[in-house]
Amino acid sequence: MKIVYHPSTNSAMIYLTEIPPGAVARMYACDPREVGGMINLDFDKDGRLLGIEVLDARGKLPHDALAKAEVRG
C-alpha cells in the first residue's frame, strides 16, 4: 500500500496495489454528504478495490498518514 499526496490540489491517492494504465474499470464516487467530502473508489473489471482517491486530504486523512506519503507536484 502506498499514499501519494498532491499539495497543489490537496488530494491523495491511496494505492492498495500497483494500478497499471487501463486497470481501473469502474470508479465509485462516495456520496459527499455521507462522508463530508469527495472520496472516489477505483475498482478493476473483477470488482476488486485498487485504490482510493481523497479530495481535501488534509482534512480527511490522519496527519501521520500524510507525513509518510510520497509528495508529487
Side-chain angles (χ1 to χ4, degrees):
M1 186 172 84
K2 160 174 96 168
I3 300 174
V4 176
Y5 177 62
H6 300 272
S8 61
T9 58
N10 187 25
S11 63
M13 184 66 187
I14 302 168
Y15 293 90
L16 302 176
T17 186
E18 288 293 320
I19 304 176
V24 175
R26 185 171 65 92
M27 186 273 297
Y28 173 78
C30 297
D31 185 338
R33 295 169 297 181
E34 294 291 323
V35 296
M38 182 60 78
I39 297 174
N40 299 313
L41 307 176
D42 291 339
F43 294 91
D44 70 8
K45 64 180 177 59
D46 296 317
R48 286 185 286 259
L49 182 61
L50 302 174
I52 305 164
E53 179 186 32
V54 180
L55 304 181
D56 185 23
R58 284 186 297 245
K60 294 291 173 214
L61 295 176
H63 296 291
D64 61 327
L66 285 179
K68 296 174 188 172
E70 177 183 327
V71 177
R72 292 190 191 163

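We use all heavy atoms of the structure for the numbers below, so side chains are in, but hydrogens, waters and symmetry mates are not.
Under the 4.5 Å side-chain heavy-atom criterion for ILVMFWY residues, no single connected hydrophobic cluster contains both Leu49 and Leu55. Linking Ile, Leu, Val, Met, Phe, Trp and Tyr whenever their side-chain heavy atoms come within less than 4.5 Å leaves Met13 and Leu16 in two separate clusters.
At a threshold of 4.5 Å between non-hydrogen side-chain atoms, the residues Val4 and Ile14 do not count as touching. In this structure, the side chains of Cys30 and Leu41 come closer than 4.5 Å at one or more pairs of heavy atoms. Proximity of Val24 to Asp44: side-chain heavy atoms (C-beta onward) are nowhere separated by under 4.5 Å.
The NE2 atom of His63 lies 8.0 Å from the CG atom of Leu66; values are rounded to the nearest 0.5 Å. Here Met27 contributes atom CE and Phe43 contributes atom CZ; the two are 10.5 Å apart, rounded to the nearest 0.5 Å. Going from atom CG of Leu61 over to atom NZ of Lys68 covers 12.5 Å, rounded to the nearest 0.5 Å.
For Asp46 (side chain) and Arg48 (main-chain N/O), no donor-acceptor pair under 3.5 Å exists by modelled atom type. Within the 3.5 Å criterion, the main-chain N or O of Val35 finds a donor-acceptor partner in the side chain of Lys60. Asn10 contributes a side-chain N or O that, together with a main-chain N or O of Arg58, makes up a donor-acceptor pair within less than 3.5 Å.
Counting only N and O atoms by type, the side chains of Asp42 and Tyr28 include no donor and acceptor under 3.5 Å apart.
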- Message: Could you walk me through whether Asn40 and Ile52 satisfy the side chain to side chain contact (heavy atoms under 4.5 Å, CB included) test, starting with their C-alpha distance in whole Å, then the side-chain angles of each, then the deciding distance to 0.1 Å, before giving a yes or no?
- Response: CA-CA 6 Å; Asn40 299 313; Ile52 305 164; over 6 Å; no
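For the pair Ala69 and Tyr5, the tightest heavy-atom approach, listed with the atom from each and the gap, is CB-CB, 4.0 Å. When all heavy atoms are compared, the tightest approach of Ala29 to Met38 is CB-SD, 4.3 Å. Counting all heavy atoms, side chain and backbone alike, Leu50 lies closest to Ala23 at CD1-O, 3.8 Å.
Residue Lys2 places its NZ atom among more than 12 non-hydrogen atoms of other residues, nucleotides or ligands, all under 6.0 Å distant.
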